[in-house]
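Just so it is clear, the model here is predicted, and its values are computed rather than measured.
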Amino acid sequence: MVDYDPKQIFNEPIFLNTIPENIDISEEKYEGISPYLPFIKDWNSNIIDIIYLSKPEREKEFTLKLLRKGSMEYIGRVTEIKIRSPEEFVAKLTNGIDVIFNEYILKKNNPDIDDKDLVDILDEVTRARLLYLHIVVKDKKHHKFYVKSYMDLAKVELRTKELLEIKERYKVNWFDLFLCAVGINPFDMNKDEYALLKKMYLPRVLSLFPVKFTDDFTKYTHTLQFTRPGTGKTTFYVKLMNIMKITIFSRFPSRTRLVMDARTGTLGTIFYNDYVVIDAFDKNLDKDKFDDFASFADSGLGQGVWNIERGSASTKSEKDVIKRDVGFIFLGNVDKISSETLVDMVKTSRDWLEGELKKRGLNPGSITPFLSKLAIVSIIDDEFDVNRYVVDKVMNASYFIAMVNQIKQEIFKAKYNSIKLSDINKSRERTFAIMIAKKLRGLGLNAIADDPEADVNQGTVEEIAKDIVLGRWGWKYA
């Protein structure tokens with residue numbers, strides 16, 4: 001049997017070049033294009049212009065061009081939806097534009113959807129990872145913009161069989177293949193470099209993929225990671241925005257924006273995304289804002305149950321709570337931690353984080369419940385230049401989505417050794433450890449890869465999962 005060099009995997013057709021060939025584009029237009037790369041096989045300057053004008057910062061330019069030309073194309077996501085009548089709903093796009101989906105107009109211009117009603121269209125638009133819209137102007141004076149046609153660009157033919165063949169050919173696990181998919185080469189490095197890469201990226205990958213147990217416990221392993229700047233935290237999630245349905249905030253979102261505006265009935269971000277990333281967490285630790293977020297998000301983080309914002313008796317929604325489980329990731333930077341400044345009790349990353357939050361003057365009554373909802377607290381102050389391992393490749397969406405689905409199945413089927421986790425006193429921490437143990441095995445990070453039953457009996461994965469949850473894994477001062 002031929003042994004294939006894993007480094008050559010990037011030459012396989014499942015990968016696309018991140019820099020389109022033979023296209024002269026400015027750096028400004030190319031900036032921020034990475035979330036779209038897996039979905040576009042045949043790049044041209046027109047597609048790049050559509051994506052560029054669909055960005056949030058181009059709202060005014062997009063609106064002006066739309067009014068002048070009478071029609072525009074859009075590639076992006078939906079952030080809010082409001083029902084206007086039995087025949088139409090309004091969707092707010094990521095560039096801030098409101099567009100109207102009218103059943104009559106859509107069916108008139110798209111005979112292939114004649115058997116669908118507005119409920120079907122609403123469901124497709126809400127679930128879409130990445131939308132293409134053809135928008136037309138019906139009323140210039142009042143800025144009434146209607147969707148003439150739409151398409152979910154992520155509705156691709158999944159190439160699961162070919163993906164599994166390539167994975168087997170190169171003998172790589174799902175964790176390494178996932179890194180390859182986002183343009184990280186985990187093969188061309190020594191043992192120590194790989195250990196540091198894993199220390200950085202394992203918490204990020206573990207923050208993804210749901211593990212369902214009961215209806216009254218979140219299916220996500222909420223994660224917080226602080227590292228030195230330049231380690232690729234934000235970039236990792238930006239590249240996955242459309243593949244994994246992720247939205248990124250640079251500060252704590254309000255209840256209205258995140259959950260629902262009870263006055264208007266407008267649904268918030270959690271209904272159009274599976275993951276919410278709050279970036280620059282360390283720079284937004286204002287006491288009042290943290291207390292407000294920790295208060296209204298507590299049951300959402302714990303059980304996926306969200307309280308509706310309360311208004312007056314006349315405006316209050318009939319619903320008091322909404323069930324919607326999403327994964328949360330909190331990112332921030334950390335300076336070099338001096339061992340001289342650590343007291344004896346700081347044995348875990350959780351202890352360190354709790355101390356830092358208290359130093360910032362945050363309310364202990366908000367800190368404790370917030371920390372209890374985090375499955376993973378990763379604090380890493382090692383120097384790490386991610387650019388050394390970046391390659392100009394990204395996995396094609398047909399294979400990328402197939403890989404995500406396959407990993408979910410592997411996690412679902414993975415077994416765990418409950419006895420090895422029985423010494424964890426708190427039930428929430430024990431459940432998190434079970435979830436992480438299943439994820440580690442699902443990602444192919446078994447201690448005995450060729451004998452699953454022996455691997456479960458040995459329980460090495462459970463010990464790692466336990467250390468991750470308790471804040472000992474990757475904590476250099478443990």
Please give me the minimum heavy-atom distance between I424 and A433, naming the atom from each residue.
CD1-CB, 3.7 Å
Determine the interplanar angle of the F296 and W306 rings, folded into 0 to 90°, and report it as parallel if under 30°, tilted if 30 to 60°, perpendicular if over 60°.
tilted
Strictly under 6.0 Å, is that where the ring centroids of Y275 and Y220 end up?
yes
Please confirm whether the backbone N or O of K420 pairs with a side-chain atom of K466, one donor and one acceptor, at under 3.5 Å?
yes
Closest non-hydrogen atom pair between Y36 and G76, with its separation:
CE2-CA, 4.5 Å
Taking C-beta and beyond as the side chain, do F236 and I184 meet within less than 4.5 Å on heavy atoms?
no
Ion pair D152/R129, N-O distance below 4.0 Å
no
Step-by-step salt bridge (charged side-chain N to carboxylate O under 4.0 Å, His left out) determination, D292 to R255
CA-CA 9 Å; D292 180 60; R255 187 202 308 254; 5.4 Å; no
M72 versus Y74: any side-chain heavy-atom pair under 4.5 Å?
no
Is any side-chain N of the basic residue among E354 and R350 closer than 4.0 Å to the acidic one's carboxylate O?
no
Value rounded to 0.5 Å, distance of CG in L163 from CG in L158:
10.0 Å
Output yes when a side-chain donor or acceptor of S372 lies under 3.5 Å from a complementary backbone atom of P369, and no otherwise.
yes
Using the six-membered ring of W475, assess whether NZ or CZ of K347 lies under 6.0 Å from its centre and within 45 degrees of the ring axis.
no
Distance-only, no hydrogens or angles: does the K107 side chain make a donor-acceptor pair with backbone N or O of K116 under 3.5 Å?
yes
Check: F101 and I81 side chains under 4.5 Å, non-hydrogen atoms
no
Shortest non-hydrogen pair, P186 vs C180, comes out as CD-SG, 3.8 Å
I need the minimum non-hydrogen distance between L164 and Q406, along with the two atoms involved.
CD2-CG, 4.1 Å
Please find out if less than 6.0 Å separates the ring center of F226 from that of F330.
no
Under 3.5 Å: donor-acceptor pair, side chain of T227, backbone of G332:
no
Is a side-chain donor or acceptor of T368 paired with a backbone partner of G365 at a separation under 3.5 angstrom?
no
Kindly state whether the ring of F432 and the ring of F217 have centres lying under 6.0 angstrom apart.
yes
Within the side chain of D117, is there an N or O that forms a donor-acceptor pair under 3.5 Å with the backbone of D120?
yes
Evaluation steps, side chain to side chain donor-acceptor pair (under 3.5 Å), between S149 and N109
CA-CA 7 Å; S149 62; N109 294 285; over 6 Å; no
Return yes if some donor-acceptor pair links the side-chain N/O of H222 with the main-chain N/O of F328 below 3.5 Å, else return no.
yes
Could you grab the distance from atom CE of M395 to atom CG of L16, nearest 0.5 Å is fine?
10.0 Å
Between K108 and L106, is any pair of side-chain heavy atoms under 4.5 Å apart?
no
Can you confirm whether E73 sits close enough to I135 that some side-chain heavy atom of one is under 4.5 Å from a side-chain heavy atom of the other?
no
With no hydrogens and no angle check, is any side-chain donor or acceptor of S422 less than 3.5 Å from a backbone partner on I419?
yes
Inspect the surroundings of CZ in R324 and state if more than 12 heavy atoms from other residues, nucleotides or ligands are less than 6.0 Å away.
yes
Distance col, row N396:CG vs L37:CG, nearest 0.5 angstrom, shows 11.0 Å
Could you tell me whether the side chain of D123 and the main chain of V119 form a donor-acceptor pair under 3.5 Å?
no
With a 3.5 Å distance limit and no angle check, can you tell me whether T94 reaches the backbone of P56 through a side-chain donor-acceptor pair?
no
Could you give all pairs that pass the salt bridge (Lys or Arg N to Asp or Glu O under 4.0 Å) test and reach residues 428-446, with sequence neighbours left out?
R441-D455, R441-E462
Do L153 and I75 touch side chain to side chain, with heavy atoms closer than 4.5 Å?
yes
Among residues two or more places apart or on two chains, list those pairs meeting salt bridge (Lys or Arg N to Asp or Glu O under 4.0 Å) that have a residue in residues 74-97.
R84-E88, K92-D98
Within the structure provided, determine whether L285 and F281 are in side-chain contact (heavy-atom separation under 4.5 Å).
yes
Show me the pairs that pass salt bridge (Lys or Arg N to Asp or Glu O under 4.0 Å) and involve residues 404-419, at least two apart or across chains.
E410-K413
Would you sort out whether F370 and F290 count as a ring-ring contact (aromatic ring centres under 6.0 Å, His included), showing the intermediate values?
CA-CA 10 Å; F370 173 72; F290 179 78; 5.3 Å; yes
Just wondering, do L131 and V125 contact through their side chains at under 4.5 Å, heavy atoms?
yes
Shortest non-hydrogen contact between V456 and N417, atoms and distance:
O-ND2, 3.0 Å
Rounded to the nearest 0.5 Å, what separates atom CG in L53 from atom CG in N95?
9.0 Å
Candidate pair D381 and R228, rule salt bridge (charged side-chain N to carboxylate O under 4.0 Å, His left out), full reasoning
CA-CA 6 Å; D381 68 342; R228 305 289 289 273; 5.7 Å; no
So, K245 and D274, do they make that salt bridge, N to O below 4.0 Å?
no
Decide if atom NZ of K283 counts as having more than 12 heavy atoms of other residues, nucleotides or ligands within a radius under 6.0 Å.
no
Less than 6.0 Å separating the ring centroids of F249 and F252?
no
Looking only at heavy atoms, what is the nearest atom pair of L331 and V277, with distance?
CD1-CG1, 3.7 Å
Heavy atoms of other groups near E157 CD, more than 12 under 6.0 Å
no
Ring of F62, cation from R58 - is the NZ or CZ under 6.0 Å from the centre and inside 45° of the axis?
no
Give, for atom OG of S71 and atom CG of L133, the distance between the pair rounded to the nearest 0.5 Å.
12.5 Å
Rounded to the nearest 0.5 Å, what separation is found between the OG1 atom of T221 and the NZ atom of K373?
15.5 Å
